[in-house]
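To start, the structure under review is shown below, and the notes come after it.
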Amino acid sequence: MIKLDIHGQVPAIDTAVAKAKLDELKSSDMVGWLTLPTDYDQDEFARIKAAAQKINSDSKYLVCIGIGGSYLGHRAVIEALNKKSPTKILYAGNFLSPASFQQILDELGDADFSVNVISKSGTTTEPAVAFRIFKQKLIDKYGEKEAYQRIYATTDSSKGALHDEASANGYASFVVPDNIGGRYSVLTAVGLLPIAAAGVDIDQLMAGARAEQEADDESIYKYAALRAALFQKDYDLEVLASFEPRLFYFAEWWKQLYGESEGKNSQGIFPAATIYTTDLHSLGQYMQEGRRNIYETIINVTDESPLITVPALKENLDGLKYLENKSLAYINQNALRATVTAHSTSIPVVEITTEKIDEYHLGQLIYFFELSCAISAKLQGVDPFNQPGVEAYKNEMFRLLGKPN
């Protein structure tokens with residue numbers, strides 16, 4: 001189970017109020033993720049595994065096309081675990097930069113590849129543009145018939161442009177559930193197909209999420225209640241920190257989850273992220289002595305593997321004799337402890353401890369943050385599942401680009 005500790009001065013919190021919000025959540029039609037770890041579609045799960053095996057057998061690369069929740073969740077898991085796989089995952093559809101497109105095209109070269117396009121509608125600009133480009137590359141390389149056998153569409157079960165195109169062209173198709181929004185969808189086919197293709201054990205990922213679901217973890221309610229209490233005291237910026245660079249994209253997923261769920265109706269804590277010890281030499285100064293509207297949540301991973309130690313040398317020119325034969329895990333953990341002690345004299349620090357970064361424990365963390373986020377949004381009086389503000393830039397972009405109607 002995930003362990004939560006609070007350091008520094010914080011307001012009183014009421015976990016009972018947070019727990020009561022769970023009943024409100026259950027009345028929403030967008031909470032399929034709440035019980036997903038125990039009632040997911042077993043047949044589609046098997047199809048996902050089979051598709052991943054096919055991709056591994058015929059593709060050096062899988063280009064995953066999606067934006068926001070359609071790509072951040074699975075990239076978080078894939079890059080945290082960095083498993084060996086015959087297939088390397090590349091990401092497109094989350095930018096419009098021509099230089100970034102060219103970088104992917106250059107890496108693909110003439111290698112065998114497949115495409116997983118992930119979009120509920122199929123008309124979101126960034127992934128739709130990317131899909132056109134990489135679909136054409138598939139057709140140019142393989143011809144239409146084989147190209148279409150290398151396209152995997154994750155989309156609506158019954159409607160939408162991508163659903164219709166997939167049906168017409170015979171793409172292998174997987175479902176974006178109607179009752180699960182994008183930022184909560186990492187444990188659906190949205191995330192599981194690329195995760196499986198990357199060599200990750202999706203059974204263990206679901207097992208970890210299931211364990212967290214069934215545990216009814218008190219830390220979930222405590223974290224949500226604390227965030228609400230801090231917001232009431234004008235702490236309106238939260239920094240998620242980790243001493244594990246592998247969790248960089250996990251933090252990117254976390255930022256979207258909380259930012260898009262809470263940031264509306266002039267409410268919401270602004271989510272930011274940092275990697276320590278790297279940023280202790282830059283942002284650490286701000287954390288210690290900057291504005292006091294900020295607090296810090298640190299993910300502590302206690303696993304000490306692999307065992308790498310500081311070599312012993314005859315000379316001591318670098319002054320590191322006191323660290324000789326000490327493990328990097330020991331040094332990293334003491335850097336974390338020192339940071340918690342130092343920062344908590346100035347700001348509240350929340351410490352979330354997990355044993356290791358593997359499929360099981362990532363599954364736990366995913367479910368922990370999804371549920372605590374939804375409850376936290378409810379405590380602030382906003383709908384965790386809509387994102388009306390996102391449409392503003394889209395409408396203006398469509399106007400500038402001359403989109404009809």
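Keep in mind that the numbers below use all heavy atoms, side chains included, and drop hydrogens, waters and symmetry copies.
Cation-pi geometry between R47 and F174 is met: the NZ or CZ atom falls under 6.0 Å from the ring centre, inside 45° of the normal. For K233 and Y235, the positive end is not near the middle of the six-membered ring at less than 6.0 Å and at most 45° from its axis.
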Pair V175-D41, side-chain contact (heavy atoms from CB on, under 4.5 Å): steps then yes or no: CA-CA 10 Å; V175 174; D41 186 331; over 6 Å; no
Criterion side chain to side chain donor-acceptor pair (under 3.5 Å) on Y367 and D217, from CA distance to verdict: CA-CA 10 Å; Y367 193 86; D217 189 352; over 6 Å; no
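Electrostatic pairing of K137 and D140 does not count as a salt bridge here, judged by no charged N lying under 4.0 Å from a carboxylate O. By the 4.0 Å N-to-carboxylate-O rule, K60 lies too far from D112 to be salt-bridged with it. Taking 4.0 Å as the cut-off between side-chain N and carboxylate O, R210 and D39 do not count as a salt-bridged pair. Salt-bridge formation is detected for the pair E238/R227: a Lys NZ or Arg NE/NH1/NH2 atom is positioned less than 4.0 Å from an Asp or Glu carboxylate oxygen. Between E218 and K19 there is a salt bridge, since at least one side-chain N of the basic residue sits less than 4.0 Å from a carboxylate O of the acidic one. Checked for salt-bridge contact, K141 and D110 meet the test: a charged N lies under 4.0 Å from a carboxylate O.
Residue-environment remark: CD (E324) exceeds the threshold of 12 foreign heavy atoms within 6.0 Å. Around the OH atom of Y322, the shell of radius 6.0 Å holds no more than 12 heavy atoms that belong to other residues, nucleotides or ligands. Other residues, nucleotides and ligands contribute only 12 or fewer heavy atoms inside 6.0 Å of the OH atom of Y330. Within 6.0 Å of CZ in R132 there are 12 or fewer heavy atoms belonging to other residues, nucleotides or ligands.
Between the side chain of N169 and the main chain of Y171, no donor-acceptor pair closer than 3.5 Å is present. Judged by distance alone, with hydrogens and angles left aside, the side-chain atoms of R183 form no donor-acceptor pair with the main-chain N or O of G181 at under 3.5 Å. Of the possible polar contacts, none joining the K83 side chain to the I78 backbone as a donor-acceptor pair under 3.5 Å is found. Remark: side-chain polar atoms of S261 are paired, donor with acceptor, to backbone N or O of P384 under 3.5 angstrom.
When the options E355, E244, K3, R337 are evaluated for a side-chain contact (heavy atoms from CB on, under 4.5 Å) with N300, the one that passes is R337. Checking each of L283, T345, I347 against Q288 for a side-chain contact (heavy atoms from CB on, under 4.5 Å) leaves exactly one that passes, namely T345.
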N/O donor to acceptor pairs below 3.5 angstrom from side-chain atoms of residues 98-108, sequence neighbours left out:
unit_1	atom_1	unit_2	atom_2	d
S100	OG	S97	OG	3.2
Q102	NE2	D106	OD1	2.8
E107	OE2	K88	NZ	2.7

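In this model, a donor atom of one side chain and an acceptor atom of the other lie less than 3.5 Å apart for Y221 and D216. Of the N and O atoms on the side chains of N116 and T154, at least one donor lies less than 3.5 Å from an acceptor on the other residue. Checked by atom type, the side-chain pair Y360/D201 shows no donor-acceptor distance below 3.5 Å. A donor-acceptor pair shorter than 3.5 Å cannot be found between the side chains of T309 and N325. Counted by atom type alone, E304 and S327 present zero donor-acceptor pairs between their side chains at under 3.5 Å. In the model, D29 has no side-chain atom that pairs as donor or acceptor with a side-chain atom of N179 under 3.5 Å. For the 3.5 Å distance criterion, the side chains of E262 and S376 qualify, holding a donor opposite an acceptor.
Screening residues 264-295 for ring pair (Phe, Tyr, Trp, His ring centres under 6.0 Å) gives F243-Y276 as the qualifying pairs, with residues at least two apart or on separate chains.
Using the six-membered ring where Trp is involved, Y184 and W33 have ring planes that are parallel, under 30° apart on the 30 and 60° scheme. Ring orientation note: the planes of H74 and Y91 are close to parallel, at an angle under 30° on the 30°/60° scale.
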